[in-house]
4 protein chains.
Amino acid sequence: MLSTSNPESAVLKSNTAALKRFQGVRATTETLAAGLSDADATVQSMPDASPMKWHLAHTSWFFEEFVVAPERGETARFDPEFSYLFNSYYDGVGDRHDRGSRGLLTRPALERILDYRQHVTSHMEELITAGNQRALNLLPLGLAHEEQHQELALTDILHLFAQNPLRPAYRHAKPLAYDTLSGSNAWVKFEGGVMPLGYDGPDFHFDCEAPSHDVIVHPFELASRTVTNSEWMTFMSAGGYNTPAYWLSDGFAACQANGWTAPLYWFEQDGAWWSQTLRGAQPVDPDAPVHHISYYEADAYACFAKARLPTEAEWEFAATDKLVQGNFLESGRLRPAPQPTRKNEISALFGDVWEWTASPFVPYPGFRPEDGTIGEYNGKFMSNVIVLKGGSCVTPKDHVRASYRNFFHPDKRWQFSGLRLAR
Amino acid sequence: MLSTSNPESAVLKSNTAALKRFQGVRATTETLAAGLSDADATVQSMPDASPMKWHLAHTSWFFEEFVVAPERGETARFDPEFSYLFNSYYDGVGDRHDRGSRGLLTRPALERILDYRQHVTSHMEELITAGNQRALNLLPLGLAHEEQHQELALTDILHLFAQNPLRPAYRHAKPLAYDTLSGSNAWVKFEGGVMPLGYDGPDFHFDCEAPSHDVIVHPFELASRTVTNSEWMTFMSAGGYNTPAYWLSDGFAACQANGWTAPLYWFEQDGAWWSQTLRGAQPVDPDAPVHHISYYEADAYACFAKARLPTEAEWEFAATDKLVQGNFLESGRLRPAPQPTRKNEISALFGDVWEWTASPFVPYPGFRPEDGTIGEYNGKFMSNVIVLKGGSCVTPKDHVRASYRNFFHPDKRWQFSGLRLAR
Amino acid sequence: MLSTSNPESAVLKSNTAALKRFQGVRATTETLAAGLSDADATVQSMPDASPMKWHLAHTSWFFEEFVVAPERGETARFDPEFSYLFNSYYDGVGDRHDRGSRGLLTRPALERILDYRQHVTSHMEELITAGNQRALNLLPLGLAHEEQHQELALTDILHLFAQNPLRPAYRHAKPLAYDTLSGSNAWVKFEGGVMPLGYDGPDFHFDCEAPSHDVIVHPFELASRTVTNSEWMTFMSAGGYNTPAYWLSDGFAACQANGWTAPLYWFEQDGAWWSQTLRGAQPVDPDAPVHHISYYEADAYACFAKARLPTEAEWEFAATDKLVQGNFLESGRLRPAPQPTRKNEISALFGDVWEWTASPFVPYPGFRPEDGTIGEYNGKFMSNVIVLKGGSCVTPKDHVRASYRNFFHPDKRWQFSGLRLAR
Amino acid sequence: MLSTSNPESAVLKSNTAALKRFQGVRATTETLAAGLSDADATVQSMPDASPMKWHLAHTSWFFEEFVVAPERGETARFDPEFSYLFNSYYDGVGDRHDRGSRGLLTRPALERILDYRQHVTSHMEELITAGNQRALNLLPLGLAHEEQHQELALTDILHLFAQNPLRPAYRHAKPLAYDTLSGSNAWVKFEGGVMPLGYDGPDFHFDCEAPSHDVIVHPFELASRTVTNSEWMTFMSAGGYNTPAYWLSDGFAACQANGWTAPLYWFEQDGAWWSQTLRGAQPVDPDAPVHHISYYEADAYACFAKARLPTEAEWEFAATDKLVQGNFLESGRLRPAPQPTRKNEISALFGDVWEWTASPFVPYPGFRPEDGTIGEYNGKFMSNVIVLKGGSCVTPKDHVRASYRNFFHPDKRWQFSGLRLAR
C-alpha cells in the first residue's frame with residue numbers, strides 16, 4: 001500500500017495529472033470487459049478465479065469504501081448491498097460474500113455493474129478535481145489495485161473460456177505470425193556483493209516492497225532468457241513429469257494428484273501441441289517462453305536442467321538499472337513473444353511471463369503494514385507463497401518495477417508464470 | 001417411454017392435434033425462460049441443477065437426436081457440437097459434456113439457444129405435418145420429457161436465485177394473500193385388497209409404469225391432507241432435527257453432515273420464518289403444505305407423528321378414480337396452497353407438492369426397458385431412489401397421473417417435495 | 001429382535017438347554033479369535049470393519065448392558081468405561097466411541113477383553129441357571145446378535161489381512177483341493193401365487209422378519225445354482241466393468257470412482273487370478289461361486305446375462321420347505337465350494353454365499369420395532385440397503401433361515417456376497 | 001547428510017568409539033519401545049505419524065539398505081520383503097509401502113521386528129569392528145537419522161494415546177511437581193551485523209546446514225524465554241482463536257477448518273485446562289512453555305503480542321557460543337519445564353520446545369545434496385515448511401546444535417513446538 005511518508009507520488013503531482021491517470025486506468029478496465037456477454041462476465045470457473053463482473057465491481061467498491069463513503073456519507077453509495085457483495089477479503093470492513101460463490105450472482109447484471117462503475121468514477125472525479133486529500137492519498141494504491149485486477153480479469157476469463165469445449169477466443173482468433181528470434185540460452189555472470197533489496201523511495205510501491213535493506217548476494221549466473229516451450233517439450237519427452245527425482249516432495253504429490261503432464265491449457269491435436277490462449281486455441285509457439293506452469297514444475301525443470309531458480313535478491317540484482325520495457329498488456333499481443341538472445345546480456349526481465357523465483361514471500365526486516373483495514377493488503381498472505389518477478393504480457397506496463405513482488409501458491413498455474421534459470 | 005404396443009396415443013390421433021400439442025409444449029418452455037437474462041440462464045448453482053439454457057437446448061437436442069438427424073441427415077443438425085454439449089446421460093449416443101460443468105458454457109449464448117430451439121421446432125413441425133412416423137412415434141415421449149424439464153427448470157432457477165443474497169424473484173415479487181382453509185388432519189380408512197398397480201393401457205406412460213400387475217394392499221389409513229408448515233414448525237420446536245430416535249440411520253447422518261435445521265430455503269428474519277420462493281422471499285405460509293424436504297426428513301416427521309409414509313401402492317389405491325386436478329403449473333401460483341379438509345375425503349392428492357412414499361423405485365414384475373439408447377430412460381436409475389407421487393405446483397397438469405412414478409435420492413431437497421402420513 | 005409374543009424359543013425350553021446354547025455360542029466366538037495376536041485383534045482396516053477385540057467386547061457389552069447391569073446393578077460392570085467404548089449404535093444408551101476410531105484403542109489389550117468376556121459370561125451363567133427372566137428373554141436375541149458378529153469378525157479380519165503385502169492366512173494356508181462338480185446352470189420354473197412372506201411363528205426371528213403377510217408372486221424362473229468365478233471371468237473378458245449399458249447409473253459411478261475391475265481381493269499373478277482368502281492367497285476356483293461382489297456388480301452381471309436378480313419374495317418362495325443345509329461356518333472350509341447341478345432342482349440356496357436380491361430392505365406391512373433401546377436393531381437401517389438371503393460359508397448354520405433378511409448398502413463388497421440369476 | 005569433505009566425524013575417530021556410539025543409540029531406541037504392547041507398537045493414528053514398530057524397523061532398514069546389503073550381499077538381508085515395507089520415501093530404492101497404511105501391518109509382530117533390529121545390529125557391529133569404510137562413513141548420518149526417529153516415535157505414540165478415551169500414560173502417570181521459576185519475559189538486545197549462517201565444519205551436520213555463508217543480521221530484540229502456557233491462556237481469553245486480524249490468511253483458514261481453540265491435546269475438565277502428555281492426562285502447567293502449537297498459531301500469538309517470530313538467522317545469532325544444554329530426552333521428564341528468567345540473558349534456547357522461526361526452509365547459497373539415493377534426505381522437502389530451532393524435551397541432547405534446521409509444515413501441531421518472540 002501507499003507508504004505514509006510519501007502520500008503523493010511524483011506522477012500525481014497535480015490534480016489534473018491525477019485525474020487523467022485515474023480516468024485512464026478506469027477506462028482500460030472497461031475496455032478489457034468490452035465484448036464479453038453478461039454470462040461471460042458472470043460465471044466463475046474455479047474458486048481462485050473471479051468473474052469479470054466482480055472485478056469491475058470490486059475495483060469500484062474499493063474507491064467507494066475507502067474514499068466516497070467516508071467523504072460523502074453512506075447515502076452516496078450506489079447500492080448498500082454492494083458492500084457485502086464486492087468486498088474481497090478485508091475482514092475489517094465486515095462480512096463478505098463467500099469467495100467461491102461469486103459466480104452465482106446473476107444479478108446485478110453486467111449493465112448495472114457498469115452503472116455502478118460510472119457512479120463511483122463520477123464521485124471520484126469530483127473529489128480529485130476538488131483536491132480532496134483522502135481521494136488523492138488513496139489514488140496510487142487504488143489504481144495499482146485496479147491494475148492488479150486488470151491482469152487477474154484476463155487470466156480468469158482465459159480460465160473460463162478454456163473450460164468451454166467450443167474454445168472461444170477473447171480477442172483476435174487469428175493465429176499469430178511467430179518470430180523465431182530465440183537462440184540458445186547463455187549464462188550471464190554476476191559478481192554479487194552487498195545490495196539494497198526492496199524499495200522505500202518516493203514513488204508508489206506496495207508496503208511489502210519496503211523497507212529497503214542491505215543483503216549479501218553471493219556470485220551467481222543468470223540465464224539470458226526464460227525457458228522456452230521447445231525446451232519444455234524436451235523436459236516432457238524426457239519423462240520429466242514422471243520422474244520424482246526432479247521434484248520437490250510436495251511438488252510431485254501435487255503433480256500426481258492433479259494429473260499434470262504438460263503446462264495448463266496445452267492439448268494435443270493431430271500430433272501437435274496446442275494451447276488455449278486469449279486468442280483462442282493456437283499452436284504452441286516453440287520459441288516463446290513457456291507459461292502457465294506452477295512453481296513446482298519450474299523447480300522440477302530447473303533440477304532436470306542441472307540448474308536452479310534465482311532468488312528474489314539475485315533477480316533484483318540483475319534488474320538494477322534496467323528499464324521497464326517489454327511485452328506488456330499495452331502491446332495487445334496477449335501472449336508471450338520469443339525473446340532475443342544477445343551475448344552477455346539479460347533480455348526480457350520485464351514482460352512476457354512472471355518469473356518464479358526460489359524465494360518464499362516473507363516480510364522484509366522492519367516491515368510493518370499500515371494501520372487499519374487497508375493494512376490487510378499484503379502481510380496476511382505471507383505464508384506458503386512464492387515470489388514472482390517482472391510482469392507478464394497481460395500486466396499494465398506502468399504497474400511493475402524491479403522491486404515489485406508478486407506472489408502465488410506454488411501449485412497455481414493460471415497466471416502467465418514461467419521461469420528463468422540460475423546457477 | 002412410449003410403449004411399443006401403442007405407438008400413437010389417443011390424444012394425438014390426428015397429425016393436427018399432434019402438431020398443436022407439440023407447439024403448445026414448446027411454447028410453454030419458452031414462456032418459462034422469458035424474463036431471464038443470459039446470465040440467469042447460464043449459471044449452474046449445484047451439480048444436481050442445470051442452467052435454463054441447458055434445459056432449453058437439451059429438450060431440443062432430444063428431438064434432433066432421435067428424429068431430425070435420423071430422418072433428415074446429419075447436415076440438418078443446427079450445430080454438430082451441440083450433440084456433445086447437450087446430451088444428458090445417454091451413453092449410447094456417445095461422449096457428453098460433464099454434468100457438473102454445464103454452467104461454464106457462457107457460449108453459446110441464450111439467444112443462440114433460442115435459435116436452436118426454433119430450428120428444431122421447424123423441422124419437427126414439417127415432419128409432423130407430413131405424418132412422419134418416427135416423429136409421431138417419439139412425440140409423446142419427447143413431450144413428456146420436455147415437461148419434466150419444465151419442472152426441473154423452475155426448481156433449478158429457484159435454487160440459483162436462493163444462492164443470491166439479493167433474493168431475486170423469478171415472477172411476481174408481491175406477497176400472496178394466503179387462504180386459511182386447512183383444518184386439522186383427518187384419517188381416511190381404506191380396506192385394501194388386490195389391486196392392479198401401474199399402467200399399461202393405451203395412453204402415454206413411461207416404461208417404468210408398466211406392466212400393470214396385481215398386488216395385495218393391506219388395510220391402511222391415509223391422512224386427508226399433506227403435512228403443513230405449521231405442523232412442521234412443531235416438529236422443529238420439539239427438537240425433531242436433533243433427535244436421532246426419529247431418524248433413519250443414514251438420514252440422521254445426512255442431517256448432521258448437511259446441517260439441516262429447517263426445510264430448504266427457510267431463513268429466520270425478525271423472529272419469523274421466511275423462505276425463498278419463485279416469488280422472491282416470502283413469509284412461510286403456516287397452513288400450506290411443507291415442501292423442499294428430503295425423504296429422510298419426511299420419514300423422521302412421520303416417526304415423530306407416530307405414523308409412517310404410505311407405500312406407492314397405498315397412494316395409488318387411494319388415487320383410484322380420482323380426477324387429476326389441483327394446483328399445477330398452469331395456476332401460475334408457483335407455490336403450494338393450503339388444502340381444504342373434508343371429512344372422510346382425501347384432498348389434493350394431485351398438485352401442490354410431490355408426496356414422498358415409503359417405496360424405493362424398483363421395476364415392476366416383467367419390466368423391460370425399450371431396446372436401444374432410448375431405453376436408458378428410467379431403468380438405470382432404479383437404485384437408491386424413492387418414489388414420489390402426485391405432482392406439484394410447478395408440474396404441468398397434463399403430465400401427471402395416478403400411475404406416475406417420480407423418483408429422487410432420499411437426501412434431495414430442491415424439488416417441491418412434501419409428505420402425507422399413513423398408518 | 002425377540003418377538004414379545006414368544007419370549008422363550010422352543011430350543012431354549014429349559015434353563016439347561018439355554019445355558020448350553022449360551023456357552024456354545026460364547027465359546028465359538030473365542031475360538032474364532034484364537035491365533036490372532038493383540039495387534040491383529042486391535043487394528044481397524046476401514047470404517048465398515050471392526051477389530052476382533054471390538055467384536056469380542058461388544059458382544060459382551062450387549063449382555064452386560066441389557067441384562068447384567070439392570071439385574072445386578074452398575075457395580076457389577078467389569079469396567080464403567082467399557083459402556084462408552086463398546087456400544088455400537090444404540091443412541092438410547094448414551095454417547096459412544098466414534099465408529100471409525102475403534103482401531104485406535106490399543107488399550108485395553110486383548111487379554112483384558114478376554115477377561116471381560118469371562119466376567120460377563122459368568123454373570124450370565126448364574127442368571128440363566130437361576131432362571132432369571134430378563135436373561136432368558138434376551139438370550140435368543142443376544143445369541144443371534146453374537147452370531148452376526150462371528151461372521152463380521154471373519155469378514156473384517158479377512159479385510160485387514162488383505163491390506164498386508166505379506167498376505168497372511170487366518171487359518172490353514174495350504175491350498176484347497178477343488179471339486180469340479182459344477183455343470184452348466186439350469187433354469188427352474190416356479191408358478192408363483194399368493195404366499196406368506198416373512199415369519200412370525202414361535203421360533204426366534206428378528207423383528208424385521210415379521211409380520212408374515214400375503215404377497216402375490218408372479219411366475220418366474222430361478223437359476224439352479226449361483227454364478228461361478230469362471231462365469232464372472234467371462235463377464236470381465238467381455239468388458240463388463242467398462243460397459244455402462246450393463247450398469248445402474250449409481251452403480252457405474254461407484255465402479256469408476258472405486259476403480260473396480262474384478263471382485264474384491266482378486267489380483268493377478270503370473271497370468272492367473274488369485275484372491276486373498278481366509279486361507280491366505282489362493283488361486284481363484286473357477287467352479288466355485290463368485291463372491292465379494294457388490295449389488296451393483298451383481299445387477300450388472302445379471303443385465304449382461306440377459307437376466308435379473310430375484311426378488312426377496314421369489315427367493316423365499318423357492319426356499320419354502322427347503323432344509324437349511326450347506327457350506328456354513330461349521331464346515332471349517334472358510335471358502336465357498338462348487339455347487340452340484342441337478343436337473344430341475346435348486347441347489348445351495350443356503351450357505352456358500354449370501355445372495356443379493358433385487359429387493360430394497362423395507363418394513364413389512366405392520367412392522368413395529370420393539371419399544372426402547374433394543375428397538376434400534378433393524379428398523380433404522382431401512383434405507384439404501386438391499387436384502388441378501390441364504391447365509392454364507394462363514395455364517396453359523398443355526399443362525400439362518402428362509403425368512404432371514406440380511407442387508408448391506410449396494411456398494412459394499414467385503415461380505416461373502418454373490419448372486420443367483422432369475423428371469 | 002554426511003558432508004563428503006569430512007567422512008569421519010571427530011567423535012567417531014576410532015572404531016571403538018564408533019561402535020560404542022552405535023550401540024548406545026540402538027539401545028536407546030529399544031529402551032523407548034519398552035513397555036509398549038504389540039498393539040501399541042502397530043497402530044498408526046494419522047498419516048503423519050508412524051507406528052513404533054515402523055520406527056524400529058525403518059531405522060534398521062536404513063543400515064541394511066545402505067551398508068549391510070551392499071557389503072554383504074542381498075542374502076544378508078533379514079527378510080527380502082522388509083525392503084518394500086520399511087522404506088520411507090527414498091524413490092531411488094524402489095517401490096515402497098503406502099505411508100498412510102503403515103498401521104495395517106499387524107504382521108510382522110513386534111517381536112519379529114526386534115529380531116530384525118538385532119540382526120542388523122550384529123552385522124553392523126561386525127562391520128564397524130572390522131573398520132569397514134562404508135559402515136563408518138554412513139554411521140554419523142545413520143545415527144542422526146535414528147535419533148530423529150527416536151523423537152518422532154515419542155511424538156507419534158503420544159498422538160496415538162491421545163486418541164484413546166482411557167488416556168493411557170506412556171511413562172510415569174504420576175503428576176509432576178511443577179517449578180514456578182518463570183518471571184515475566186524480558187527483551188534482550190542484539191546489535192546484529194554480518195554473521196556466518198549455517199555450518200560446514202568437521203563435525204557431523206546435515207547437508208542442509210551447509211554451506212556456511214555470510215548474511216547481514218539487522219538489529220533485533222529477542223525474548224529471554226519462550227511463551228508460557230499462562231500467556232497462551234491470555235491469548236485464548238482475548239478471543240485469539242476467533243480474531244482474523246491476528247492471523248495469516250492461510251492460518252485462519254486452517255484454524256477454522258480444523259476447529260482449533262487451544263493447543264493440541266488440551267481439554268477442559270472441571271473448569272481447568274488439562275492436556276494429554278507422555279505421562280498421561282496432566283493439568284496444564286501455567287509457567288511451562290506452551291507447546292503443540294502450529295506455526296500459524298505461533299504467528300498469530302506474536303501478532304497479538306505486538307511482536308513477531310525471530311528469523312532463523314536471528315535465532316542462530318543469539319545462539320552463537322551458547323552451550324547445548326537444557327531439558328532434553330535424557331532428563332526423562334518428557335515434558336517442557338518452566339524456564340528461569342535472568343536479566344539480559346537468553347535462557348533455554350536449547351531443549352524444552354522446538355521454537356518456530358519466521359523462516360521458510362530454503363537451501364543455503366551453494367547447497368547441493370549428495371548424489372544418489374542418500375541425497376533424498378532434506379532437499380526435496382524445501383517447500384512449504386518452516387524452520388524450527390533448538391530441540392525439545394524429547395530430542396536426544398547430542399542430536400542438536402545451533403545450526404540444526406528442523407522443519408515442519410505450518411499447520412502441524414504434533415511435535416513439541418512452541419515459540420519465542422522477537423521484535
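Lettering of chains follows the sequences in order, A, B, ..., and the numbering in each one begins at 1.
- Here the straight-line distance linking atom NE2 of His409(B) with atom CG of Asn384(C) works out to 8.0 Å at 0.5 Å rounding.
- Looking at Val362(B), only its side chain comes within 4.5 Å of chain C, counting heavy atoms on both sides.
- With rounding to the nearest 0.5 Å, the separation of NZ in Lys380(C) from CZ in Phe252(B) is 10.0 Å.
- For the pair Met382(B) and Asp299(C), the minimum side-chain heavy-atom distance is 4.5 Å or more.
- At a 4.5 Å heavy-atom cutoff, Val385(B) makes no contact with chain C through either its backbone or its side chain.
- Most heavy-atom pairs under 4.5 Å with chain B, from the set Tyr296(C), Tyr295(C), Trp247(C): that is Tyr296(C).
- Of the residues considered (Ser383(C), Ala358(C), Ser359(C)), Ser383(C) shows the highest number of contacts with chain B, using heavy-atom pairs under 4.5 Å.
- Using a 4.5 Å cut-off between heavy atoms, Phe220(C) makes no contact with chain B at all.
- No other option in Pro360(B), Gly366(B), Pro363(B) has as many heavy-atom pairs under 4.5 Å with chain C as Pro360(B).
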